[in-house]
Amino acid sequence: MSRATILCAIGTRPEAIKMAPVVRALQESTWARCRVLMTAQHRELVDPMLDFFAIAPNVDLDLMRPGQSLVDLTARMLPAVHSAIEGERPDLVIAQGDTTTVFVTALASFYARIPFAHVEAGLRTGRLDAPFPEEANRVLAGHLAALHFAPTADARANLLREGIADDWIIVTGNTVIDALFLAADRDEPIGVELDPTRRLVLITAHRRENFGAPIRGICRAVAELHDRFPDVQFLWPVHPNPSIGPVVRGAMAGLDRVLVCDPLPYGSFVAAMKRSTLILTDSGGVQEEAPALGKPVLVLRDESERPEAIASGVARLVGCEPLGIVAETARLLSDPVAYREMARGASPYGDGRAADRITAAIARHLDIPPALQAAG
Ligand code: UD1
Ligand code: UDP
């Protein structure tokens, strides 16, 4: 019997990180022929991630354009992804998350009549336009999917509420924890010169809903914290989105303990998280990684589709108003008891074995004979 072909679609930085363990598990399996389709919705953000995980795409659509709009990107991506799927004719297509790449890949797979498997299925805020456009992307991708890899029991419950059949939902943990463990083991240097005597606050921000006034509010908060805490340095690897970079670089200019740098390769970013005292972020992935590293994470948003860490007290929503961000950060920097409560170390998002569960579930779904799965 020939191997089953699995096409893994990747477009952006977080997808490369979260799909890397799946690609690796499929490559190591005895029954799968793993192919990687890169939409390159991101370019310089995603290439170092592929290098880090030694993933060489089989097809690269090279779609990123500076300042791309949602409509333009989607319109260019659909025929390109559809042609790639038709060219490969895989037994199954798989993608992770809630980006344009994932929504388009789910739709193109559906049009090609090839089953689509959704990694990180079932995350919901319950508001179709928040976060925009990710909530709609994941709802739409979910309803086009044949298999749903829910990272947590809450995510599975969300899918059941939407009428997805239980048989097609598998709770796997989040593959980001698999990737994180791998990177943490490699113990890479941060690659940025930090003052070893100072505490570190790590910052990232990129979400569309934070463009404009919210990102300016985040910058004002960081400037105030810089002035209030002379023993703290701030590291801000800035996302290349043109709505973020110039604002952050402009607002942070002249603050001597705020280091604004280009995005860090994954190994360096994980090292920076490990070195940090706490993290301010609007990132989905960082919300999942920080608790696993025992780092308090203050979420620069008003809502989250990742309620587990908030419920267990290791993450907190602080919004984008300077008042809230400064108050919560200052509390953690000044009150050791409050800090310890949030720095407990918890891993509500997985145990590092999600990719193995995903691979095994795909084999079951494709009726790969157990003898073939065990061979090798
Ligand atoms: C995208 C996803 C978002 C995800 C984020 C992860 C959509 C609609 N948005 O947002 O869900 O959380 O990625 O980072 O799918 N750019 C570069 N180089 C890069 C990447 C981006 O220059 O490597 C710049 C380009 O000008 C590009 C712009 O950023 O046009 C926006 O990129 P895009 O992928 O459309 O949106 P993100 O904000 O990155
Ligand atoms: N990340 C990285 N380098 C950076 C900033 C983030 O490697 O300079 C990683 C981070 O560890 C996480 C992922 O990128 O795994 C999150 O990506 P992003 O915040 O762009 O997207 P989101 O998770 O919000 O979709």
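In each ligand, atom 1 is the first atom listed, and ligand 1 is the first ligand listed. Position 1 is the first residue of the sequence, and the numbers go up from there.
- Annotation: ligand 2 has protein neighbours R13, P14, I17, M49, H206, R207, P237, P263, L264, Y266, F269, M273, S283, G284, G285, V286, E289, each with a heavy atom less than 4.0 angstrom from the ligand.
- Salt-bridge formation is not detected for the pair D178/R357: no Lys NZ or Arg NE/NH1/NH2 atom is positioned less than 4.0 Å from an Asp or Glu carboxylate oxygen.
- In this structure, E120 does not pair ionically with R138, as no charged nitrogen and carboxylate oxygen lie closer than 4.0 Å.
- Residues T99 and E15 bring a donor and an acceptor atom of their side chains to less than 3.5 Å of each other.
- In this structure, R186 satisfies the cation-pi test against F52, with its NZ or CZ atom closer than 6.0 Å to the six-membered ring centre and inside 45 degrees of the ring normal.
- Under the 4.0 Å criterion applied to side-chain N and carboxylate O atoms, D60 and R43 are assigned as salt-bridge partners.
- The 4.0 Å heavy-atom shell around ligand 1 contains residues T12, P14, Q41, H42, R43, E44, L45, M64, R65, P66, G67, Q68, L70, T99, T100, P133, E134, H206, R208, H239, P240, N241, P242, ordered by chain and number.
- For T74 and T100, the side-chain atoms include no donor-acceptor pair closer than 3.5 Å.
- Ion pairing of R306 with E308 is absent here, as no side-chain N (NZ or NE/NH1/NH2) approaches a carboxylate O to less than 4.0 Å.
- When all heavy atoms of T101 and Q41 are compared, the pair lying nearest together is OG1-OE1, 2.8 Å.
- A donor and an acceptor atom, one from each side chain of Q233 and D195, are nowhere located under 3.5 Å apart.
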